[in-house]
Amino acid sequence: MSEITIKLPDGSAKVLPAGSSGHDLASAIGKRLAKDALLVVVDGEPRDLAAELPDGAEVRIITRTDEDALEHVRHSTAHVLAQAVLELWPGATFAGGPPIEDGFYYDFELPGGASFSEDDLERIEARMREIIKADQPFERFELPLDEARELMSDHPYKQAFMDLATDHDAEAEAEADTSDGRISFYRNSDSFVDMCRGPHVPSTGRLGHFALQRVAGAYFRGSEDNPMLQRIYGTAWLSAADLAEHLERLAEAEKRDHRRLGAELDLFSFPEEVGSGLAVFHPKGGIVRRLMEDYSRRRHEEAGYEFVYSPHITKANLFETSGHLEWFADGMFPPMELHDHDHAPGHPEEAGEGTKYYLKPMNCPFHILIYRSQQRSYRDLPLRMFEFGSVYRYERSGVVHGLTRVRGMTQDDAHIFTTKENMADELSSLLAFVLDLLRDYGLDDFYLELSTKPEHKAVGTDQEWEEATEALRSVAESMDLELVMDEGGGAFYGPKISVQARDAIGRTWQMSTIQVDFQLPQRFELEYIGSDGERHRPIMIHRALFGSVERFFGVLVEHYAGAFPAWLAPVQVEVLPVAQSHDDYAHEVAAELRGHGFRVEVSGADDTLGKRIRRAKGQKVPYVLVVGDDDVAHRTAGVNPRGGEVERDVTLGTFVDRLAADVAGRN
RNA sequence: GCCCGAGUAGCUCAGUCGGCAGAGCGGCUCACUCGUAAUGAGCAGGUCAGGAGUUCGAUUCUCCUCUCGGGCUCCA
């Protein structure tokens, strides 16, 4: 056969000499395409442009403006990074370097256990630019396993990948393709060869819109049991404009960082004297938090929840029964031990066991005890108990992060006790309720994640897990939202749906969780009397909407970039007298607005008007009112809305209506 | 917990190759009384995160601890 026929995406066909490559195909179609082509997709599989095309294949050519080229450009850039590092650090070895969201990384081990410093990034980047300028080809070749081992004899992590890939480890297979017993490599120059399944762009000259970002430690293959490697992260894009836009997004995210805004807007802090991961809320943050909670409380009451309270500490026994001490002890603070005689004068310390008390890491056992405080009938169900419950978890020192990962938090925690028959209905109205409420806080772009049974850390039978997981799945699927699987991500006592929300700049946050639990009702031997007069076991549903009030607060700060909508803003109106002679009127205006329930501050004329306006704007106050002679005469104000145009001579009545409408509409 | 980096005034950050600690913003005082994003002058404010060591002398060099940041692992 001397000719092959290639099918193109537009339905047409192209006849080429046998042995033609993707590059030949692109050239046959057009000069420009040949220049812009980076890869081909052959029958759905991405391939090198240089790969020989099989007869009858469907081929799509990926160019440098094609979004599908992105991950390959990132992957190829990672290779250039590896080449630069291996050239700059003789004796260095390397592990894996995949593309990731927005960029890539590569893991290395430097000779003598050395590590990269931030300053090294500049040198490495300069070397990478030289390699890109040299326009080295990415040439693929394959070797049988023993020769591959020989070639990588100085690189133990590469060999480890070969071994693992032979065992069909998914991550290792992404590094080394052993499907036909041969290992593929890419050669860029005489001095640099990397084991890789590919494909790659034709040559390094096709790359260039990248930046190295940071150095980090990372365990080999993500396991704490493995050595820690030195990782370099970078970002890479198809054009300089895309790269610039991405860097700008990062800068925007940094400006919105709730830790920064928390200090600037005087919302909360983490006093070192208190301890890592333990926040205090300042008055301004306290107002926002109270408003968040008040609204949630009202909506929950309307939805049939009853409010309960439980203590922060409890005897060990409760968490033994619940299974927390068996399964969750790592996440709990160590116990306090109480000896009755400790505080009695004249009694030296007693030997022997005292009573252990634990800070609570979860609220569920308490709510269960409330359930169990009396005999329940099917008529009582579903029983919905809600608590703003403060819990404490011993988070490892490296993981605490602002308000989103803390050691002390308040969950908006509810437990619903229901019959098995009503579980599906309850779940479905619950999920609708949760999404509706999240929208009221300004988040409206969601997807769902379904977390299934953890592999090693779970109680209960497979059948119970299966049943609970299916119940959640069918509810999730009925919601008309994207559903992502999170295999093995459930809690030890049951599977969960979590609601992931995208914020104003497209980042996703895990918000609400809904978990089905067959275990705790068994462990605590919960029951209700059914209409048949028999004893039955209820199902328990755990759910939190904010997740934790602290985390949700942090997410809202970032979502709004600190500019809370009027209903949540700690100060809704700042009244500024033009001169001291207008002070009395300014206070009158403030008093009137406060009479309508608004949160108002007056800033007197000790500073210039311009400075006070600037300060109020910096605090992101929704409305700045300026009052001068004209306003005193006519009972009006100049209204300077956040993000809007100044209006003069607005009557107070008009302004009150406007602000009231903002608040009512949660704008 | 692990790897790397950082910690200097309330905040943002200079600085010291080991020799009396600096700026801007913010605070306070005084003057100015101003119509929509920084008026001027002055004053106060520091155990240079904490502890130990080296040294005539340590904010600076070494070690330990704490806290924070970026990651890994883990998670609401």
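All chains are named by letter (A, B, ...) in the order of the sequence lines, taking the proteins before the strands, and each is independently numbered beginning at 1.
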Q. Among the nucleotides B:rU67, B:rU36, B:rC3, which one has an atom lying closest to any side-chain atom of A:M228?
A. B:rC3
Q: If the plane angle is over 60° it's perpendicular, under 30° parallel, otherwise tilted; pick one for A:H312 and A:Y392.
A: tilted
Q.
Which residues pass the side chain to side chain contact (heavy atoms under 4.5 Å, CB included) test with A:A501, not counting sequence neighbours?
A. A:L443, A:F446, A:M511
Q: For the side chain of A:V646, starting at C-beta, report the closest nucleotide among B:rU36, B:rG71, B:rG1.
A: B:rU36
(Q) Go nucleotide by nucleotide along RNA chain B from the 5' end; which of A:G113 and A:Q515 gets its closest nucleotide reached first? (A) A:G113
Q: Tell me which nucleotide among B:rA37, B:rC66, B:rU33 gets nearest to the side chain of A:K617.
A: B:rA37
(Q) Pick the closest RNA chain B nucleotide for A:A216 and for A:G275 by heavy atoms, then say which residue is nearer the 5' end. (A) A:G275
Q: Select one nucleotide: of B:rG70, B:rC74, B:rA37, the one nearest the side-chain heavy atoms of A:V399.
A: B:rC74
(Q) So A:D330, base contact, sugar-phosphate only, or nothing? Heavy-atom distance under 4.0 Å. (A) nothing
Q: Check the pair A:Y295, A:Y441 against ring pair (Phe, Tyr, Trp, His ring centres under 6.0 Å), reporting the backbone distance first and the verdict last.
A: CA-CA 10 Å; A:Y295 183 65; A:Y441 288 94; 5.8 Å; yes
Q | A:S276 side chain, from C-beta outward: closest of B:rG1, B:rA38, B:rC68 | A | B:rC68
Q.
Without decimals, in angstroms, what is the distance between A:H401 NE2 and B:rC74 C1'?
A. 15 Å
Q.
As a test of reading the structure: which of B:rA76, B:rU67, B:rU39 is closest to the side chain of A:Q411, going by heavy atoms?
A. B:rA76
Q | Nearest-neighbour nucleotide for the A:E395 side chain, B:rU67, B:rA76, B:rC3 considered | A | B:rA76
Q. Within less than 4.0 Å of OP1 or OP2 of B:rC3, is there a side-chain N or O belonging to A:S115?
A. no
Q. What nucleotide among B:rG26, B:rG71, B:rC2 has an atom nearest to a side-chain atom of A:K611?
A. B:rG26
Q. How long is the line joining NE2 of A:H582 and P of B:rU36, in whole Å?
A. 13 Å
Q) Cut-off 3.5 Å, side chains only: do A:D225 and A:Y219 have a donor facing an acceptor? A) no
Q.
Between A:H300 and A:F433, is the ring centroid distance below 6.0 Å?
A. yes
Q) For A:E645 and B:rA37, what is the distance between atoms CD and C1' respectively, to the nearest whole Å? A) 14 Å
Q) Whole Å only: how far is the CG atom of A:D107 from the C1' atom of B:rU73? A) 14 Å
Q: Side chain of A:R648 only, please: which of B:rU39, B:rU36, B:rU73 is the nearest?
A: B:rU36
Q) Is it true that A:F108 and A:Y106 have ring centroids separated by less than 6.0 Å? A) yes
Q. Taking atom types as modelled, is there a side-chain donor on A:H542 or A:D413 under 3.5 Å from an acceptor on the other?
A. no
(Q) I'd like to know whether NE2 of A:H634 has more than 12 heavy-atom contacts from other residues, nucleotides or ligands below 6.0 angstrom. (A) no
Q: Please state how far atom CG in A:L609 lies from atom C1' in B:rC32, giving the value in whole angstrom units.
A: 14 Å
**Q.** Pair assignment for RNA chain B - dot-bracket with | for other-strand partners, Watson-Crick or G-U under 3.5 Å
**A.** (((((((..((((.....[..)))).(((((.......))))).....(((((..]....))))))))))))....
Q. What's the closest nucleotide to the A:Q230 side chain, out of B:rC3, B:rG27, B:rG35?
A. B:rC3
Q. Is the shortest side-chain N/O distance from A:R259 to OP1 or OP2 of B:rG70 below 4.0 Å?
A. yes
